[in-house]
Amino acid sequence: MAYKTIVTIGREYGSGGKEIGTKLAEKMGVKCYDKELLDRAAKDSGLCQELFEHHDEKPTNSFLYSLVMDTYSIGYPSAALAEMPINHKIFLAQFNSIKEIAKEGSCIIVGRCADYALAGNPNLLSVFIHGKMENKIRRIATKYNLTDAKAKDVIIKTDKKRSSYYNYYSNKKWGDATEYDFCIDSGYYGIDGTVDLLFHMVNMKEGKA
């Protein structure tokens, strides 16, 4: 069964967003892009892959971003683009790759402001996955053999970075229910239950349910 829907997944750390995206992609028979997006963006842009890994979903403190985006959007000379800060080059390379990936057909894209990059795309289904702190702590502590205190610290710091990155580059608010088509607590239905629910939503969107 061929799909057209592109599902973007924003997620709190420890909510299982990557696993949910991977399982949903398997269920739909499409590709899931998470770290794979970094490989694609590096290949498409010609920039070093290590740069993408270093700057992946990390916020910036540069005040030049608005100017950079303005010059980029109006087709400023490539020489000017070459001089922009590297974190902006990385973001724009991913932004472009997300758009190209979407043109290729149905897929799942995790993080990287993908919902913002694809805003207005009629095939888009934007999702945000969150969870109660105790459930996220249990998941991360178990997965990485951490104490509860350390797991909580990692969760808070990672989500702060993701939030700052999303809010800065998209001018939207990370985790705000009004910014997404659907938000869900993965602890309520469990990982597999959340996958089943999203799969049903995709089928409903395409009139197949």
Side-chain angles (χ1 to χ4, degrees), residues 2-38 40-41 56-59 69 73 91-132 136 158-209:
Y3 287 94
K4 297 182 296 182
T5 301
I6 299 160
V7 182
T8 60
I9 298 179
R11 73 289 186 220
E12 291 181 347
Y13 190 60
S15 67
K18 169 59 186 304
E19 184 179 356
I20 290 167
T22 299
K23 289 189 173 185
L24 179 60
E26 291 174 354
K27 205 171 181 70
M28 293 173 61
V30 301
K31 291 183 179 179
C32 179
Y33 293 88
D34 181 21
K35 294 293 185 182
E36 296 83 358
L37 179 59
L38 307 184
R40 174 63 179 266
D56 188 29
E57 291 192 295
K58 292 182 179 178
M69 287 303 291
S73 64
F91 173 77
L92 291 172
Q94 289 185 103
F95 188 90
N96 288 337
S97 290
I98 288 169
K99 285 184 169 294
E100 290 303 310
I101 287 169
K103 291 177 183 178
E104 296 168 5
S106 179
C107 62
I108 313 297
I109 306 177
V110 180
R112 284 92 190 173
C113 298
D115 60 312
Y116 173 65
L118 299 178
N121 188 316
N123 295 321
L124 174 64
L125 175 62
S126 62
V127 176
F128 188 82
I129 299 172
H130 57 97
K132 293 180 175 59
K136 294 187 294 182
T158 302
D159 281 351
K160 184 177 181 180
K161 289 179 181 178
R162 288 178 177 175
S163 176
S164 295
Y165 178 87
Y166 182 90
N167 295 349
Y168 187 82
Y169 282 111
S170 73
N171 292 321
K172 297 167 67 177
K173 188 174 181 181
W174 185 80
D176 185 340
T178 62
E179 305 287 7
Y180 307 88
D181 296 322
F182 186 69
C183 297
I184 184 171
D185 180 344
S186 58
Y188 191 84
Y189 291 100
I191 297 298
D192 290 336
T194 300
V195 171
D196 289 341
L197 181 58
L198 293 179
F199 183 62
H200 182 64
M201 290 182 67
V202 170
N203 282 306
M204 287 185 66
K205 179 177 175 60
E206 301 207 0
K208 300 175 180 177

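Just so it is clear, the structure is predicted and the values come from calculations on it, not from any experiment.
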Are side-chain heavy atoms of [X] and [Y] found at a separation under 4.5 Å?
X      : Y      : value
Lys18  : Thr22  : yes
Ile108 : Tyr33  : no
Val7   : Met201 : no
Leu37  : Ser97  : yes

Return the [atom1] to [atom2] distance between [X] and [Y], rounded to the nearest 0.5 Å.
X      : Y      : atom1 : atom2 : value
Leu124 : Ile6   : CG    : CD1   : 7.0 Å
Ile9   : Leu125 : CD1   : CG    : 9.0 Å
Thr158 : Arg11  : OG1   : CZ    : 9.5 Å
Ile129 : Ile184 : CD1   : CD1   : 7.5 Å
Tyr169 : Cys113 : OH    : SG    : 8.5 Å
Glu36  : Ile109 : CD    : CD1   : 11.0 Å

Identify whether the distance between the nearest side-chain nitrogen and carboxylate oxygen of [X] and [Y] falls below 4.0 Å.
X     : Y      : result
Arg40 : Glu104 : yes
Lys23 : Glu26  : no
Lys4  : Glu206 : no

Q: Look at atom OH of Tyr188 and say whether more than 12 heavy atoms of other residues, nucleotides or ligands are closer to it than 6.0 Å.
A: no
Q) Can you tell me if NZ on Lys132 sees more than 12 non-hydrogen neighbours from other groups inside 6.0 Å? A)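 Open.
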Distance-minimising heavy-atom pair for [X] and [Y]:
X      : Y      : result
Lys99  : Ala117 : NZ-O, 2.9 Å
Ala114 : Ile98  : CA-CD1, 3.9 Å
Val110 : Cys32  : CG2-SG, 4.0 Å

(Q) Between Asn167 and Lys172, is the side-chain contact (heavy atoms from CB on, under 4.5 Å) condition met? List the steps. (A) CA-CA 5 Å; Asn167 295 349; Lys172 297 167 67 177; 5.8 Å; no
Q. Mind checking what makes ring-ring contact (aromatic ring centres under 6.0 Å, His included) contact with Tyr13, not counting sequence neighbours?
A. none
Any donor-acceptor pair under 3.5 Å linking the side chain of [X] with the backbone of [Y]?
X     : Y      : result
Gln94 : Ala41  : no
Glu19 : Ile191 : no
Ser15 : Glu12  : yes

Q | Pair Cys183-Val127, side-chain contact (heavy atoms from CB on, under 4.5 Å): steps then yes or no | A | CA-CA 6 Å; Cys183 297; Val127 176; over 6 Å; no
Q | The single option from Asn121, Asp115, Asp181 passing side chain to side chain contact (heavy atoms under 4.5 Å, CB included) against Thr8 | A | Asp115
Q | Trp174 ring center within less than 6.0 Å of Tyr165 ring center | A | no
Q. Does a donor on one side chain and an acceptor on the other come within less than 3.5 Å for Asp159 and Ser163?
A. no
**Q.** Asn203 and Tyr3: side chain donor to acceptor below 3.5 Å
**A.** yes
Q.
Just to verify, what does Ser106 make a side-chain hydrogen bond (donor to acceptor under 3.5 Å, both in side chains) with, not counting sequence neighbours?
A. none
Q. Can you say whether the rings of Phe91 and Phe95 are parallel (under 30°), tilted (30 to 60°) or perpendicular (over 60°)?
A. tilted
